[in-house]
Amino acid sequence: MASRLISEMGLPKSIANVFAARSIKTAKDALSLTEFDLMELADMGLAEVTSALAHISERVSPPYQTALSLLEQRIQNEQLAGHLPTGLKGLDEALFGGIPFGVITELVGPAGIGKTQFCLKLSLLASLPTRHGGLDAQVIYIDVESKFSSKRLIEIGAQSFPEIFYTRGMAQEMAGRILVLRPASLAEFTESLQQIKLLLLERRVKLLVIDSMAALTSGEFEHGASKINPLGWHISFLKSVGELSRIPIVVTNQVRSQSSDDTWRYNFQVGTRHRDLEDTSKYDSQLIAALGIHWAHAVTIRLILETISGERFIKVAKSPMSPALAFPFSITSSGISLLNDDGIEVVGQEISTIHCDGHSEIIHSDTLQFHRQ
């Protein structure tokens, strides 16, 4: 814009001619001079110079945008990018349509809370014909913990979409669209990702599920070693797959107990970084998402599944667009069902706090191994 010619900016001809005679040919030439330098060089009055510079600045400066226009533009881009509806009305509305394409969505919660149930339902929805609200596509399901159940998948489908699953051969067809990989180690997972590149090219894949990332790293670390280094390449790969292929990527993550040494690293959850040991000791029993802060920054959407006083909730804890809301849910024969579509507003520390009343399986921060309390 700075290289635009003065002669093309609609200045009065007398002023444009003076500028041209003084070799002031572009916007950059004029705006690089002070008002007094330009007055002396062009032999013009202050009012004429000020008016000319204001006119040039207006022509070459990019138009301003309000916060509202930026928000509307982002919402429009999100809608154009596409979403995979979860079938949970309140959650879909909060996420502006469902699980967004092109980014990583993380499900965090203790074992047995319903993360795999959520993934099974999403896999089913992605494989459904479009006339029934699905993507009519194939799914890659990386089943690290061997929790994928074809029987449970069919049960969810039969209860949710009986008109499809009771049609002869349809249950087998839907199940056949879900490609299950079961890597036994982080090394095998790396090989699986290479397979995914080919599958994305050869097949109509519209959803990638990894259940779970925390289990992949179990045993990969020694005490005190960095918990993020082994996943650096994998994080970059998954983000690029999502962006380039424009598919939703859903990843489950476990929780672990938070030690005093962790409190400064997770200061967005527990307050300021500078605390003494007496202060931080009260956070020893708190639960946080496994895999660390660097992984947390890699995900775009974080949904926390938790229990409070025996009631299950799914909470929108991180989203660039959505409010922080918690929805009570139950697990039925048809999968996860919301008990209330309105949602409960969550504020302050509660947004990132993970409640686990009565759940027994967590991961210790020093070993990243599952155990029962």
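At least one donor-acceptor pair closer than 3.5 Å links the side chain of S57 to the backbone N or O of L53. R312 places a side-chain N or O within 3.5 Å of a backbone atom of I113 that can act as its donor or acceptor partner. Under a 3.5 Å cut-off, the side chain of K206 and the backbone N or O of A126 do not form any donor-acceptor pair. Put simply, the side chain of R4 never gets that close to the backbone of K28: no donor and acceptor are under 3.5 Å apart. In terms of modelled atom types and a separation under 3.5 Å, the side chain of H55 and the main chain of M9 share a donor-acceptor contact. A distance-only check finds a donor-acceptor pair linking the side chain of D341 to the backbone of G90 [under 3.5 Å]. Counting only distance, with no hydrogens or angles, the side chain of T86 and the backbone of L88 share a donor-acceptor pair below 3.5 Å. In this structure a side-chain-to-backbone donor-acceptor pair under 3.5 Å is missing from E350 to V346. Without hydrogens or angle criteria, S127 side chain to L124 main chain gives a donor-acceptor distance under 3.5 Å. A donor-acceptor contact shorter than 3.5 Å is absent between the side chain of N340 and the backbone of F327.
Within the model, atoms CD of E35 and CD of E48 stand 13.0 Å from one another, a figure rounded to the nearest 0.5 Å. One distance of note links CD1 of I249 with CZ of F101; it measures 12.0 Å at 0.5 Å rounding. Of the inter-residue distances, the one linking Q117 atom CD with K147 atom NZ reads 10.0 Å to the nearest 0.5 angstrom. Summarising the geometry, atom CG belonging to D143 is positioned 12.0 Å from atom CD1 belonging to I210; distances are rounded to the nearest 0.5 Å. Here the straight-line distance linking atom CG of L305 with atom NZ of K315 works out to 10.5 Å at 0.5 Å rounding.
Looking at E345 and P323, their side chains never come closer than 4.5 Å, going by heavy atoms from C-beta outward. Looking at heavy atoms from C-beta onward, E311 lies in side-chain contact with L339 at the 4.5 angstrom threshold. Between L38 and F19, the closest side-chain pair of non-hydrogen atoms falls below 4.5 Å. Here the side chains of L207 and S123 are in contact, with some heavy-atom distance below 4.5 Å. Considering only heavy atoms from C-beta on, K318 stays 4.5 Å or farther from E106 through its side chain. With a 4.5 Å cut-off on side-chain heavy atoms, L33 and I24 count as touching. Proximity of T116 to T252: side-chain heavy atoms (C-beta onward) are nowhere separated by under 4.5 Å. In this structure the side chain of I314 reaches within 4.5 angstrom of the side chain of L338, judged on heavy atoms.
Side-chain polar atoms of T26 and D29 form a donor-acceptor pair below 3.5 angstrom. Using modelled atom types, one finds a donor on one side chain and an acceptor on the other under 3.5 Å when comparing S212 with E145.
Residues passing the side chain to side chain contact (heavy atoms under 4.5 Å, CB included) test with S160, sequence neighbours excluded: K121, I156, S334.
Closest heavy-atom contact between A298 and I235: CB-CG2, 3.4 Å.
Atom CD of E58 has 12 or fewer heavy atoms from other residues, nucleotides or ligands within 6.0 Å.
Put simply, V255 and I351 are part of two different groups of oily side chains (I, L, V, M, F, W, Y) that touch within less than 4.5 Å, one to the next.
Applying the side-chain contact (heavy atoms from CB on, under 4.5 Å) test between I140 and each of I178, V180, V205, V209 identifies V205 as the sole match.
With respect to the salt-bridge test (charged N to carboxylate O, under 4.0 angstrom), the residues E155 and K151 do not qualify.
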